Amino acid sequence: MAADVASSLGRCTHIITRAIPDSLCQEALRTKSDSTVDPVKVRHQFEQYIEAFKNQLGLNVVELPADESLPDCPFVEDMAIACEGTALITRPGAQSRRKEVEAVKKALQDLQMNVVEMTDENATLDGGDVLFTGREFFVGLSKRTNQRGAEILADTFKDYAVSTVPVCDYLHLKSFCSMAGPNLIVIGSSEAAQKALKTMQQMSDHRYDKLTVPDDEAANCVYLNIPGKGHVLLHRAPEEFPESVKVFEKLKEHMLIPVANSELSKVDGSLTCCSLLINKSPNL
Ligand code: GLY
């Protein structure tokens, strides 16, 4: 079972995204308090991101409207963990983000997903802390995600092993890693990133290949496996991380799509943050 499921990693028919509210520039949470988001550039970059899914890859993009009272609302990844036909609605670690789940839950119900809610008030979980490899889950224990959140994820997706990884220096586990293929983990070069990878390797009985990039931030990519296109990787643009892009360019079998994300990254938004990948095709 594991091998088949692993090879379906990245299969996707629908993408849920949410538009950027004006309030994001001033009010979205951020770890670097001095960062200023350019309101025009952030929308332009986000449009390019959505265009990649829609026009370059032909996916169905469900674009939820922005909510001005929820400045972090474009970061839909944190609101649900979707795997096969089930979506676990999270309980985000930041109190100010809890209401963001409502619109995402409705979109998942509209897509006929089996929606499971995290009702335990002791649990917190942000999707940015959840790395699904196709074989197992790794969950970062961070300021946003706790042990109880990881336990509920394990109860929801019983077919998969769930291991926890301490995350100290970053907002989320996926701030410095992501998948680039069924067996390939992209990882940053920092000591913290390498230590987290070592923990994941020790916890797994599977040996993953790794792709080490010089910049931790560039290690967050969106991997897709699209019929007729094969392996696809949305990665940060060369003008942002030229040395990391040289590493991605060694992936000769991947369709590489560079995407600029300098503005959302000022409010800790990575490439995976802004989309929820859903597979509605019958051949799971
Ligand atoms: N600004 C993204 C977050 O803090 O959750």
Side-chain angles (χ1 to χ4, degrees), residues 15-39 41-46 49-50 64-82 88-105 107 118 123-131 138-146 148-150 153 165-178 188 192 196 216-222 234 236 240 259-277:
I15 304 264
I16 299 176
T17 63
R18 194 161 188 184
I20 295 178
D22 293 338
S23 57
L24 176 137
C25 298
Q26 297 296 329
E27 295 166 38
L29 300 173
R30 65 202 77 195
T31 48
K32 291 186 196 117
S33 55
D34 58 346
S35 60
T36 308
V37 178
D38 180 323
K41 202 168 165 189
V42 72
R43 285 206 164 82
H44 176 71
Q45 290 180 344
F46 191 63
Y49 176 81
I50 291 178
L64 303 178
D67 183 332
E68 287 300 333
S69 70
L70 300 171
D72 285 286
C73 70
F75 305 128
V76 288
E77 173 189 56
D78 290 323
M79 300 300 123
I81 313 303
L88 171 66
I89 306 298
T90 62
R91 190 165 181 276
Q95 177 80 40
S96 66
R97 300 196 57 197
R98 299 251 163 95
K99 284 204 169 115
E100 291 174 41
V101 296
E102 290 167 13
V104 174
K105 183 174 103 179
M118 187 174 273
T124 60
L125 184 75
D126 277 14
D129 276 316
V130 179
L131 180 71
F138 293 107
V139 179
L141 297 182
S142 67
K143 289 197 180 79
R144 297 287 178 84
T145 295
N146 66 16
R148 187 68 193 119
L153 180 104
V165 187
V167 173
C168 303
D169 300 350
Y170 283 91
L171 180 65
H172 289 135
L173 175 63
K174 284 190 289 190
S175 301
F176 53 79
C177 67
S178 61
D216 282 1
E217 212 179 310
N220 179 285
C221 306
V222 179
L234 270 74
R236 295 292 292 273
E240 298 181 340
V259 184
N261 190 50
S262 60
E263 298 313 298
L264 285 178
S265 76
K266 292 175 182 169
V267 287
D268 302 299
S270 61
L271 291 182
T272 60
C273 285
C274 296
S275 49
L276 256 177
L277 278 45

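Keep in mind that this is a model prediction, so the values were computed, not measured. Basis for what follows: all heavy atoms, side chains included, without hydrogens, waters or symmetry-related copies. Both counts, for ligands and for their atoms, begin at 1 and track the order of listing.
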So does Glu102 pair up with Lys105, basic N to acidic O under 4.0 Å? no
Run the numbers on Thr272 and Asn220 for side-chain hydrogen bond (donor to acceptor under 3.5 Å, both in side chains), then give the verdict. CA-CA 7 Å; Thr272 60; Asn220 179 285; 2.9 Å; yes
Just jot down the ring pair (Phe, Tyr, Trp, His ring centres under 6.0 Å) partners of Tyr170, sequence neighbours excluded, or say none. Phe176
Decide yes or no for Leu141 and Pro166: does some side-chain heavy atom of the first lie under 4.5 Å from some side-chain heavy atom of the second? no
Pairs flagged by salt bridge (Lys or Arg N to Asp or Glu O under 4.0 Å) wherever residues 67-82 is involved - sequence neighbours left out: Glu77-Lys174, Asp78-Arg97
Name all pairs fulfilling the salt bridge (Lys or Arg N to Asp or Glu O under 4.0 Å) condition that reach into residues 16-28, sequence neighbours left out, sorted by first residue then second. Asp22-Arg43
Which protein residues have a heavy atom under 4.0 Å from ligand 1? Leu29, Asp72, Phe75, Arg97, Arg144, Leu171, Val267
